[in-house]
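Accompanying notes for the structure given below.
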Amino acid sequence: MTSFAHVAGGPDLSALINRSQTVFINGAWHAGRSGSALPAIDPTSGRVFAEFLAASADQVSDAAQASQDAFDGWRHLGGSKRADYLRAFAAGLRARKDELIALQRLNNGKPRFEAEIDVEDAAATFDYYADLACELDGRQGSAVLLAQDGLSGRTHFEPLGPVALIVPWNFPMVTTAWKLAPALAVGCTAVLKPSEFTTLAELVYGDLAPEAGLPAGVLNIVPGGGDVGAALCSDRRFRKISFTGSNATGSRVMAAAARRSVPVSLELGGKSPIVVLDDADISQAADIVAAGIFFNCGQMCSATSRLLVADRIASDFTEALVARAKALVVAGHDRDDGEMGPLTTAAQWAKVGEFLAQAKADALQCLTGGSIEQDRPGFFVQPTIFRDVPMDHAIWRDEIFGPVLAIRSFSTEDEAVFLANDTDFGLAATVVGCDGDRAAKIADRIDAGHIWINTPQIIFPNTAWGGFKASGIGRELGPWGLSAYCAVKHVTIQN
Ligand code: NAD
């Protein structure tokens, strides 16, 4: 299908979206042989703007073989050589910045400023792991003192082997960079399976590979749906599976990995709290709360979707927050000044619609929004805020993955901490209050992998990303992201 879809005022996207070959194996592009066409949909209009064929089971197997064949050469190249390739990936992403921004807006519905952040985040991740790849060389064979005369020890950090990387649709390129960059840095080879909803942006990594001179087979890409993901998980050639996505799929991935006794990293869902203390600056807090739930139309694993606000300021604060929500410019790629776009997929739009219908049926107190937008093309939802949501209600407990905020108030810090931790998840949290020490003490008591105090959700490549409880297993980013692809080898030597 040839498409002339474009984003108003944006660059020509035809090279990125009119692809007859979307499967990247052993350094070459191939047409998908599954026979099933995947649509790329513009959530601003709801229209299909491109179609492509998914990888067949044979192609998944070929990709696994290519990653296995390339492994030996890649692992022995040395970290500083691998770093050069990673830097080339970062440069390649930045060189395509305008196209990638436009593509994210077209396929994900992201406002311009969000799409810009994504491209820079992905590039910065490659640069960061290039540095860590060099450092790793310096740590190889580091001495370990042993408590016996005549013996010495050394530690080496080896790549686990070929790895399968499976990613979702909410931050394409970014979730991939968080896996691919550390995996390649350590010396693993990889097969990437993008989300079936946002494949096109991920294919750019396949374009970058030959441009960077990456040896064939080090990176392979197999587009497709759950069947392709499942085939990767059960392929004995992968020594690790790194997955980001829903808890339901994550459980399947873990079960498949358990059958082969291979390690998994799981980055799963969240229902994160944001605590606004009684000394908070109301205007600043309203900005932080709004960004925590409306950024990316709420499609963030880290969305702070449960607001806990101190009784004393609850009324004033809620008024300010509702005003923020009502003033948001909700728009697709037809406007450059949009602050919140549509949801990315029709399925997600329907799912959020079900949550909102349930909230209406249960007569929850809705302060603003409350509906998906049925009379407008595309997958738009009104920014929505519910107050005094019962603690056993799905709006309070379940991950909605949309711009839907649930509020409760608290009278003591103990109550705030209890409510914050009263969830199956533990991915992220935010605390807002003018007394930084007090806010930090509360943050210390919250069970979450990443906590912001008095700042919107900024994530740096050298920080840890991952969840407590049902939000996942393992950590991405930082040195922990590198360790996730390392096998530690200890050697004891008779001197
Ligand atoms: P999903 O679980 O539906 O899909 C994720 C990926 O898994 C897709 O590529 C999909 O094709 C693939 N898949 C589906 N079935 C599979 C199977 N049986 N075996 C292997 N792979 C399979 O998730 P989604 O809807 O794409 O993403 C939304 C979810 O991702 C949310 O729950 C969100 O919280 C989570 N997420 C978590 C993080 C994090 O860092 N913790 C980041 C982004 C998104």
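Start at 1 and go down the list; that is how both ligands and their atoms are numbered.
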Handout entry: Region of E399 that comes within reach of ligand 1 [heavy atoms, distance under 4.0 Å]
Key = side chain

Completion exercise
Contact region, E196 to ligand 1, non-hydrogen atoms below 4.0 Å, reads side chain

Practice task
Tell me yes or no: between the side chains of K240 and S265, is some donor less than 3.5 Å from an acceptor?
Solution key: yes

Practice task
Would you mind listing which atoms of ligand 1 come within a distance below 4.0 Å of any non-hydrogen atom of V167?
Solution key: 6 (C), 8 (C), 9 (O)

Exercise for the section: Any atoms of ligand 1 less than 4.0 Å from a non-hydrogen atom of P168? List them with their elements. Expected result: 24 (P), 26 (O), 27 (O), 43 (C), 44 (C)

Practice task
Under 4.0 Å, heavy atoms only, figure out whether ligand 1 is touched by the backbone of L427, its side chain, both or neither.
Solution key: side chain

Problem - Proximal candidate to atom 35 (C) of ligand 1 [heavy atom criterion; set G245, P194, S195, G224] - result: G245

Problem - Point-to-point distance, once rounded to the nearest 0.5 Å, from CZ of F197 to CH2 of W169 - result: 8.0 Å

Handout entry: Contact (N/O only, under 3.5 Å) between W465 and ligand 1
Key = yes

Exercise for the section: Return a yes/no value for W169: is any of its N or O atoms, backbone included, closer than 3.5 angstrom to an N or O of ligand 1? Expected result: yes

Completion exercise
Under 4.0 Å from one or more heavy atoms of T244, ligand 1 contributes atoms 5 (C), 36 (N), 37 (C), 38 (C), 39 (C), 42 (C), 43 (C), 44 (C)

Practice task
Could you verify whether a donor N or O on one side chain and an acceptor N or O on the other, from K179 and T244, lie under 3.5 Å apart?
Solution key: yes

Handout entry: Positive for side-chain contact (heavy atoms from CB on, under 4.5 Å) with L103, one of V7, L16, T198
Key = L16

Fill in the blank from the handout: So the atoms of ligand 1 within less than 4.0 Å of a heavy atom of N170 turn out to be 43 (C), 44 (C)

Completion exercise
Under 4.0 Å from one or more heavy atoms of T249, ligand 1 contributes atoms 1 (P), 2 (O), 3 (O), 7 (O), 13 (N), 14 (C), 15 (N), 16 (C), 17 (C), 21 (N), 22 (C)

Problem - ligand 1 to L268 polar contact by distance, N or O atoms, under 3.5 Å - result: yes

